[in-house]
Colleague: 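Handing you this structure, nothing more for now.
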Amino acid sequence: PQATIDDDEWEALGLFLRKLYAEGDDMSFLVRNMDKAKQAKTKELADSFRTLVKQADRPRKEQDRAGVAAAFDESSRLLDTFVELLQDVPDEL
C-alpha cells in the first residue's frame, strides 16, 4: 500500500514545481557561451522542461500521484539530456 500524501504535502509540491520551473532560466544561463548549435538545443530543452513542469501542476492539483510521477520521470530525462550537452570531454577518453 502506498502512503497517503496530505494536503500540505501537495501544496508544498506546488511550491517545489514553481522553483523547478525557474531552473529553465538557469539552464539557458549556463549555456550562453556554448556554440550556437548547442545553445539552440539547450533552449529547446529548457522550453520543453518549463512546459512539462507547468503541466505537472494539473495532476498535482488533482492529487494524481501517477500523473505527477510521470511528469517527473520525463523532466528527469530532459535534465539528463541537458547535462550530456554540457559535457565537453570527448567520448574516446
Side-chain angles (χ1 to χ4, degrees):
Q2 292 183 340
T4 59
I5 300 175
D6 67 28
D7 290 342
D8 289 339
E9 290 175 297
W10 284 110
E11 198 60 35
L13 181 58
L15 296 172
F16 173 74
L17 287 173
R18 284 189 274 290
K19 290 185 183 289
L20 195 58
Y21 181 88
E23 294 305 314
D25 295 334
D26 293 340
M27 292 165 76
S28 297
F29 178 78
L30 286 171
V31 299
R32 70 189 184 286
N33 293 323
M34 292 179 123
D35 66 69
K36 297 295 181 195
K38 280 191 176 184
Q39 282 183 7
K41 180 63 177 167
T42 54
K43 181 183 179 337
E44 181 183 317
L45 284 169
D47 290 346
S48 296
F49 181 78
R50 283 189 207 102
T51 299
L52 189 61
V53 170
K54 190 181 222 182
Q55 291 171 347
D57 199 47
R58 174 169 282 150
R60 183 211 50 98
K61 287 179 182 176
E62 296 169 356
Q63 297 187 358
D64 174 10
R65 180 190 303 239
V68 171
F72 281 150
D73 287 345
E74 182 62 27
S75 63
S76 177
R77 282 190 284 280
L78 289 174
L79 287 175
D80 287 344
T81 303
F82 176 78
V83 170
E84 287 172 10
L85 285 171
L86 290 179
Q87 296 174 358
D88 57 1
V89 176
D91 288 338
E92 54 273 356
L93 292 181

Colleague: Provide the closest heavy-atom pair for V31 versus L86 in the form atom of the first, atom of the second, distance.
Modeller: CG1-CD2, 3.7 Å
Colleague: Using only atom types and a distance under 3.5 Å, with no angle test, would you say the side chain of E23 pairs donor to acceptor with the backbone of L20?
Modeller: no
Colleague: Is a donor on one side and an acceptor on the other found under 3.5 Å between the side chain of K38 and the backbone of L85?
Modeller: yes
Colleague: So how far is it from M34 CE to K41 NZ, rounded to the nearest 0.5 Å?
Modeller: 13.0 Å
Colleague: Drop me the distance from L52's CG to L45's CG, to the nearest 0.5 angstrom.
Modeller: 11.5 Å
Colleague: How long is the straight-line distance from OG1 of T42 back to CG of L30, given to the nearest 0.5 Å?
Modeller: 9.0 Å
Colleague: In terms of heavy-atom contacts, does CD of E11 have more than 12 from other residues, nucleotides or ligands at under 6.0 Å?
Modeller: no
Colleague: For residues R32 and Q39, report the shortest heavy-atom separation together with the two atoms involved.
Modeller: O-NE2, 2.6 Å
Colleague: Hey, are K43 and D47 close enough for a salt bridge, meaning a charged N less than 4.0 Å from a carboxylate O?
Modeller: yes
Colleague: Of the non-hydrogen atoms in Q63 and D7, which two are nearest, and what is the gap between them?
Modeller: NE2-OD1, 2.9 Å
Colleague: What I want to find out is whether R58 reaches D64 closely enough, with some N-O distance under 4.0 Å, to be called a salt bridge.
Modeller: no
Colleague: Does a salt bridge link R60 with D57, judged by any charged N lying under 4.0 Å from a carboxylate O?
Modeller: yes
Colleague: F49 versus T81: any side-chain heavy-atom pair under 4.5 Å?
Modeller: no
Colleague: Under 4.5 Å between any side-chain heavy atoms of R65 and V68, yes or no?
Modeller: no
Colleague: Could you check if a side-chain atom of R50 sits within less than 4.5 angstrom of a side-chain atom of S28, using non-hydrogen atoms only?
Modeller: yes
Colleague: CH2/W10 to OG1/T4 distance, rounded to the nearest 0.5 angstrom?
Modeller: 10.5 Å
Colleague: Going from CZ on R18 to CG on L13, what distance comes out if it is rounded to the nearest 0.5 angstrom?
Modeller: 9.5 Å
Colleague: Could you grab the distance from atom OG of S75 to atom CD of Q55, nearest 0.5 Å is fine?
Modeller: 11.5 Å
